[in-house]
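Quick notes on the structure that follows.
In this text, all values refer to a predicted model and were calculated from it rather than measured experimentally.
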Number of protein chains: 2
Amino acid sequence: MDKQTITIYDVAREASVSMATVSRVVNGNANVKPATRKKVLDVIEKLDYRPNAVARGLASKKTTTVGVIVPDVTNMYFASLARGIDDVATMYKYNIILTNSDSNSEKEIKVLNTLLSKQVDGIVFMGNEITEKLREEFKRTKTPIVLAGSVDDAGDNPSVNIDYVAAVQEEVKNLIDRGNKRVAFVCGPLDQAINGKYRLKGYKQALKSAGIAYDDKLVFETDDTYKTGTLLQPALMAVNATAAMVTDDELAAGIMNGMSDADVKVPEQFEIITSNDTKLTEMVRPKMSSITQPLYDIGAVSMRLLTKLMNNEPVDEKNVLLPYGLMKRESTK
Amino acid sequence: MDKQTITIYDVAREASVSMATVSRVVNGNANVKPATRKKVLDVIEKLDYRPNAVARGLASKKTTTVGVIVPDVTNMYFASLARGIDDVATMYKYNIILTNSDSNSEKEIKVLNTLLSKQVDGIVFMGNEITEKLREEFKRTKTPIVLAGSVDDAGDNPSVNIDYVAAVQEEVKNLIDRGNKRVAFVCGPLDQAINGKYRLKGYKQALKSAGIAYDDKLVFETDDTYKTGTLLQPALMAVNATAAMVTDDELAAGIMNGMSDADVKVPEQFEIITSNDTKLTEMVRPKMSSITQPLYDIGAVSMRLLTKLMNNEPVDEKNVLLPYGLMKRESTK
DNA sequence: GATTTAATTGAAAACGTTTTCAGATTGCCG
DNA sequence: CGGCAATCTGAAAACGTTTTCAATTAAATC
């Protein structure tokens with residue numbers, strides 16, 4: 001009673017050719033006489049034959065599927081990257097298996113392994129804290145892996161990012177130039193290299209160039225959530241900060257709303273610059289000034305890079321830096 | 001030079017048992033003597049054997065992978081659903097292949113077919129305008145499909161939603177009770193059943209109960225984007241609307257900001273209620289009152305339903321309605 | 001200890017493709 | 001029209017599992 005699945009063999013019989021020939025026309029192999037090609041194509045049409053990608057994957061050792069590991073799709077930043085990834089994946093005939101890791105190292109390792117067991121042709125990984133254990137798992141496989149919008153200081157994985165230190169440095173400099181003596185640095189977990197090594201470095205460099213002493217009371221390590229942001233106003237006031245460089249848009253939105261709710265005027269009394277330029281920056285009032293990152297493109301370029309790696313094509317630059325920008329909106333003077 | 005992949009056969013040899021036995025222990029089959037189980041397990045450990053899911057899929061005709069078709073992950077509404085889906089998928093040992101359709105019917109059909117060719121065990125579909133063509137494709141396959149947060153008036157696919165007509169009716173009634181004689185209905189494309197058939201119906205019913213004549217000048221069909229929302233203020237004022245029931249959060253945020261930018265006070269001069277209760281509602285000022293939908297749960301329940309369908313378990317209710325709520329925030333009086 | 005029954009195991013056939021290699025056909029040239 | 005190269009085609013062996021069925025071994029019964 002089962003709906004009969006029709007196989008390449010059925011087509012071969014019906015068209016009175018061999019499986020090999022059918023396989024050839026399905027795969028667009030040139031070595032088949034136009035007449036036979038037509039004959040086979042007709043039978044395929046008539047029988048409504050659809051190749052079984054699993055069998056194909058087993059025989060060819062390619063699944064045209066790539067794994068995508070992301071902390072949380074629900075976060076606009078990652079959703080944008082994911083969209084870029086999917087679009088160019090589609091363009092190159094790949095599909096993506098998307099998994100949320102919650103930035104949990106154990107979970108990351110686990111899903112990495114299930115992705116590998118599913119024989120994905122490549123993986124794009126997002127998440128900035130790469131534990132030694134995870135790094136080892138990365139090394140163990142020869143399936144290509146690229147980091148998207150994520151940095152690993154210690155590893156040597158291909159990656160695509162922007163120049164976080166330069167971007168932060170530039171924005172903090174602007175803040176200082178506008179007269180802010182005490183600018184806070186509000187970031188996600190510092191053990192993530194992107195924060196602890198790069199952005200913080202940019203912050204420090206800007207301070208140094210301006211001859212301002214680094215004060216660790218001004219750096220606030222958070223969990224990157226909106227909620228946390230809303231709670232930060234008192235602490236920020238307590239250290240006499242008059243501006244903040246924030247590393248996440250939702251977090252920044254939280255801070256800004258916390259300020260507004262406490263009747264601190266943004267930007268008059270407190271300036272805020274955020275980092276990801278998700279569409280949230282425009283939706284909030286005042287609109288948030290931001291470092292602009294080509295989010296979609298970071299995803300897109302990552303995936304493009306991955307396709308090259310999967311095909312053993314030469315890549316000129318393993319660690320791509322895309323251009324960033326500075327978007328002045330209403331949360332800065 | 002290729003990294004040798006080790007197969008079930010290698011561990012069989014090494015453990016001096018048959019492949020069948022190895023397969024049994026890998027799959028937790030009870031019929032194997034504890035001693036042999038241990039022996040095999042040890043060899044697996046020693047050789048670092050990982051089962052090849054593709055081969056397994058071919059032999060067993062199950063891939064433990066489900067397809068997820070979504071208009072755009074970058075939209076918070078769908079991202080939330082997707083997250084719910086992935087979480088329960090993981091819980092039941094499935095992975096998801098995530099594809100963006102842009103609500104484009106051709107694209108939907110195309111990805112549906114590639115998902116099927118990849119032999120997914122099931123599909124959860126999001127997107128409200130289901131063309132006749134797509135409906136036919138749905139019918140052609142015996143792979144189970146469930147609609148998540150999406151309705152198809154004409155088809156008979158399993159689905160999980162909330163009671164959109166009741167929810168809208170209730171909110172519009174509240175608006176009217178508070179003295180609004182002219183409440184606008186701002187929605188996405190009306191040819192999507194969720195808008196054209198359900199929500200609009202709730203709107204009309206509320207009007208009718210209140211003895212107010214339906215005026216189609218008050219219904220605004222849009223494309224559901226933030227940008228469009230920001231442009232709507234003049235038109236809304238032109239028809240003397242004093243409140244709006246909006247079917248999408250980003251759209252609503254746009255409208256609200258458009259109002260604010262034109263110095264129309266929300267909620268004093270214009271009340272706004274939105275529909276999806278994404279976290280955006282809290283981030284915007286004033287915070288938006290909303291119909292609350294258990295977004296994550298809609299995804300989660302869809303996936304759970306799908307697991308039952310995939311296992312041929314009986315399901316009590318093919319079309320699940322989850323409870324909705326009404327969240328009063330600051331965009332209404 | 002001989003049977004009978006239950007618990008373990010293994011051999012081999014799927015699963016639906018791709019791919020290699022050799023054989024068959026065709027086209028072209030003098 | 002013979003011969004050689006170029007073009008097409010097919011047989012059969014992978015690919016790495018699961019699963020069926022029969023055979024073997026162990027346990028239980030009297």
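Take B:D316 and apply the salt bridge (charged side-chain N to carboxylate O under 4.0 Å, His left out) test, not counting sequence neighbours, and it matches no residue. A:E132 is linked by a salt bridge (charged side-chain N to carboxylate O under 4.0 Å, His left out) to A:R135, counting only residues two or more places apart in sequence or in another chain. Every residue meeting the salt bridge (charged side-chain N to carboxylate O under 4.0 Å, His left out) condition with A:D153, not counting sequence neighbours, appears here in chain and number order: A:K197. B:D42 is linked by a salt bridge (charged side-chain N to carboxylate O under 4.0 Å, His left out) to B:K38, counting only residues two or more places apart in sequence or in another chain.
For residues 61-77 of chain B, every residue pair satisfying the salt bridge (Lys or Arg N to Asp or Glu O under 4.0 Å) rule, not counting sequence neighbours, is listed here: A:R83-B:D72. The salt bridge (Lys or Arg N to Asp or Glu O under 4.0 Å) contacts involving residues 117-130 of chain B comprise nothing, where partners must be two or more places apart or lie in separate chains. Annotation: ring-ring contact (aromatic ring centres under 6.0 Å, His included) contacts involving residues 123-142 of chain A, sequence neighbours excluded, comprise A:F125-A:F138.
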* Asked: When every nucleotide of nucleotides 7-22 of chain C is labelled 5' to 3' by its protein contacts under 4.0 Å (heavy atoms), B for base, S for sugar-phosphate only, - for none, what sequence of letters results?
  -> -SBBB---BBBBBB--

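Axis orientation changes by 30° from one end of the helix from C:dG1-D:dC30 to C:dG30-D:dC1 to the other, with each end axis drawn from 5 pairs and the value rounded to 10°.
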